[in-house]
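Notes to accompany the following structure.
Just so it is clear, the values below take in all heavy atoms, side chains as well, and ignore hydrogens, waters and symmetry mates. Counting from 1, the numbers follow the sequence of the chain as shown.
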Amino acid sequence: MIDFYQVYEEFVQTMGETQARTLVKTLRQIYGDLQQTVTKTEFAELKAVVSELATAQKRTEERLEELAAAQKRTEDRLEALTLRVEELAAAQKRTEERLEELAAAQKRTEDRLEALTLRVEELAAAQKRTEERLEELAAAQKRTEDRLEALTLRVEELAVAQKCTEERLEELAAAQRRTEETLKRTNERLEGVSNSVGYTLENAAYKALPTLLAARGVTVNGPLRRCYLEGFQVNIYGDGERDGQPVTIVGECKVRPSRTEVDRFLKAVDRLERSGVIRNPFCLFVAHDFHPNVEAYLAHKGIAAFWSYEF
């Protein structure tokens, strides 16, 4: 006879209580039915079926163990996956925050890009104007180069002309030097002639003036002569008296004196008088010819004038 309680205990260990109770109940009914209807052979077959059921049950239990182990591994993996999901959720949150920052940065970039685009358009317009200006400058440069080329040719022509001019100037300079040498010799001869005439006039004056001066109330004391006073050449120099007062007779001999020569003579006399070399000067001019204006100027300055024909 089957011990259904023992079977129940075995089933409880391998499956749930409800399933074990249901299975034992089913087996009890089958067993009761078999006792009433099944023959010995049939019972042997039934035992074989039950044995197969027990083997299948064992395989089921082994499979359940495997499923339980797989379930455990699944739960462990699910736990790890849950943690990973949490990490991914946190990372996703950080990613979303970063995306928000990138979106804001992108917005700023787009704004800057828009401004830069406008600036580029302005620069493009400025570049176009610059290129137009460059074209104008290039044209102006071309005109300048053309003018420069023409000017270069003109300068070359002028250089040739300048060379000819310099050669001509050199010829003129040589001619000028020859002329100057000729003039120098002429001046030397004229100076010799002038000195000869002047000395002749002075020598004649030394002899004639004492008498002519006496007629004008001036007495000559001693001989008249030429001398140098303070670096100034005095043609006629001597001592005399006028109205009982001593005077210094100073005079100039010229062929035909000018007002400039008169003024120069008066400045020299003034300097000699201020330096004390002469005192109370009596001034006179002797000449072959006096221009009326010069003769009047001498009279205005109080200078006695004597013509050479009076000697």
Side-chain angles (χ1 to χ4, degrees), residues 172-311:
L172 291 174
Q176 178 66 21
R177 287 193 294 271
R178 292 193 297 272
T179 301
E180 289 176 353
E181 292 174 357
T182 302
L183 287 174
K184 181 179 180 181
R185 290 193 297 271
T186 301
N187 288 334
E188 290 174 352
R189 287 196 295 269
L190 288 174
E191 186 176 354
V193 173
S194 177
N195 289 337
S196 177
V197 172
Y199 290 146
T200 300
L201 185 60
E202 291 174 13
N203 292 335
Y206 298 148
K207 297 177 181 180
L209 280 176
T211 301
L212 295 173
L213 288 172
R216 298 194 183 192
V218 178
T219 301
V220 178
N221 296 328
L224 298 174
R225 64 188 187 279
R226 71 177 63 90
C227 66
Y228 287 89
L229 301 175
E230 297 288 327
F232 177 72
Q233 185 186 42
V234 180
N235 298 147
I236 301 170
Y237 176 81
D239 295 325
E241 292 183 5
R242 184 181 187 185
D243 298 330
Q245 297 293 326
V247 296
T248 301
I249 299 170
V250 289
E252 187 84 358
C253 290
K254 297 291 182 184
V255 175
R256 194 171 190 267
S258 64
R259 290 186 57 162
T260 301
E261 291 173 327
V262 173
D263 291 335
R264 185 166 53 246
F265 170 75
L266 288 175
K267 288 180 180 179
V269 170
D270 181 65
R271 185 175 69 249
L272 293 173
E273 186 176 14
R274 283 188 288 104
S275 64
V277 176
I278 62 176
R279 297 179 63 185
N280 194 19
F282 178 83
C283 299
L284 60 89
F285 256 77
V286 175
H288 288 300
D289 180 50
F290 289 102
H291 190 278
N293 292 336
V294 175
E295 189 174 22
Y297 188 65
L298 289 170
H300 175 69
K301 293 294 184 177
I303 300 174
F306 296 94
W307 292 74
S308 60
Y309 62 78
E310 296 181 71
F311 298 165

Side-chain contact, heavy-atom cut-off 4.5 Å: [X] with [Y]?
{"X": "T219", "Y": "L213", "result": "no"}
{"X": "F311", "Y": "L212", "result": "yes"}
{"X": "V250", "Y": "F282", "result": "no"}
{"X": "H291", "Y": "R256", "result": "yes"}
{"X": "C283", "Y": "V269", "result": "yes"}
{"X": "R271", "Y": "F232", "result": "yes"}

Distance check, rounded to the nearest 0.5 Å: [X] atom [atom1] versus [Y] atom [atom2]?
{"X": "N293", "Y": "H300", "atom1": "CG", "atom2": "NE2", "value": "13.0 Å"}
{"X": "L272", "Y": "K267", "atom1": "CG", "atom2": "NZ", "value": "14.5 Å"}
{"X": "F290", "Y": "F306", "atom1": "CZ", "atom2": "CZ", "value": "9.0 Å"}
{"X": "R264", "Y": "R259", "atom1": "CZ", "atom2": "CZ", "value": "14.0 Å"}
{"X": "R225", "Y": "N235", "atom1": "CZ", "atom2": "CG", "value": "13.5 Å"}

(request) Please say whether the positively charged group of R226, taken as NZ for Lys or CZ for Arg, lies over the ring of Y206, i.e. under 6.0 angstrom from the six-membered ring centre and within 45 degrees of the axis. (result) no
(request) Give a yes or no on whether the ring-centroid distance for F265 and F285 is below 6.0 angstrom. (result) yes
(request) I would like to know whether Y297 and D263 meet side chain to side chain donor-acceptor pair (under 3.5 Å); could you show each step before the answer? (result) CA-CA 10 Å; Y297 188 65; D263 291 335; 2.5 Å; yes
(request) Give the intermediate values and the outcome of side chain to side chain contact (heavy atoms under 4.5 Å, CB included) for residues T248 and N280. (result) CA-CA 6 Å; T248 301; N280 194 19; over 6 Å; no
(message) Would you say CZ of R279 has more than 12 non-hydrogen atoms from neighbouring residues, nucleotides or ligands within 6.0 angstrom?
(response) no
(request) Verify side chain to side chain contact (heavy atoms under 4.5 Å, CB included) between I249 and L284, making sure each step is shown before the conclusion. (result) CA-CA 8 Å; I249 299 170; L284 60 89; 3.8 Å; yes
(message) Please determine whether side chain to side chain contact (heavy atoms under 4.5 Å, CB included) holds for the pair K254 and E261, giving the CA-CA distance in whole Å, both sets of side-chain angles, and the decisive distance to 0.1 Å.
(response) CA-CA 9 Å; K254 297 291 182 184; E261 291 173 327; 4.1 Å; yes
Looking at [X] and [Y], would you say the former's side chain and the latter's main chain have a donor-acceptor pair under 3.5 Å?
{"X": "Q245", "Y": "R242", "answer": "no"}
{"X": "E273", "Y": "D270", "answer": "no"}
{"X": "D239", "Y": "G222", "answer": "no"}

What heavy-atom pair brings [X] and [Y] nearest, and what distance separates the two atoms?
{"X": "P210", "Y": "V220", "value": "CA-CG2, 3.8 Å"}
{"X": "A287", "Y": "V255", "value": "CB-O, 3.8 Å"}
{"X": "L224", "Y": "G238", "value": "CD2-CA, 3.9 Å"}
{"X": "C253", "Y": "E202", "value": "SG-CG, 3.5 Å"}

(message) side chain to side chain contact (heavy atoms under 4.5 Å, CB included) for E241 and N221? Distances and angles first, verdict last.
(response) CA-CA 7 Å; E241 292 183 5; N221 296 328; 3.5 Å; yes
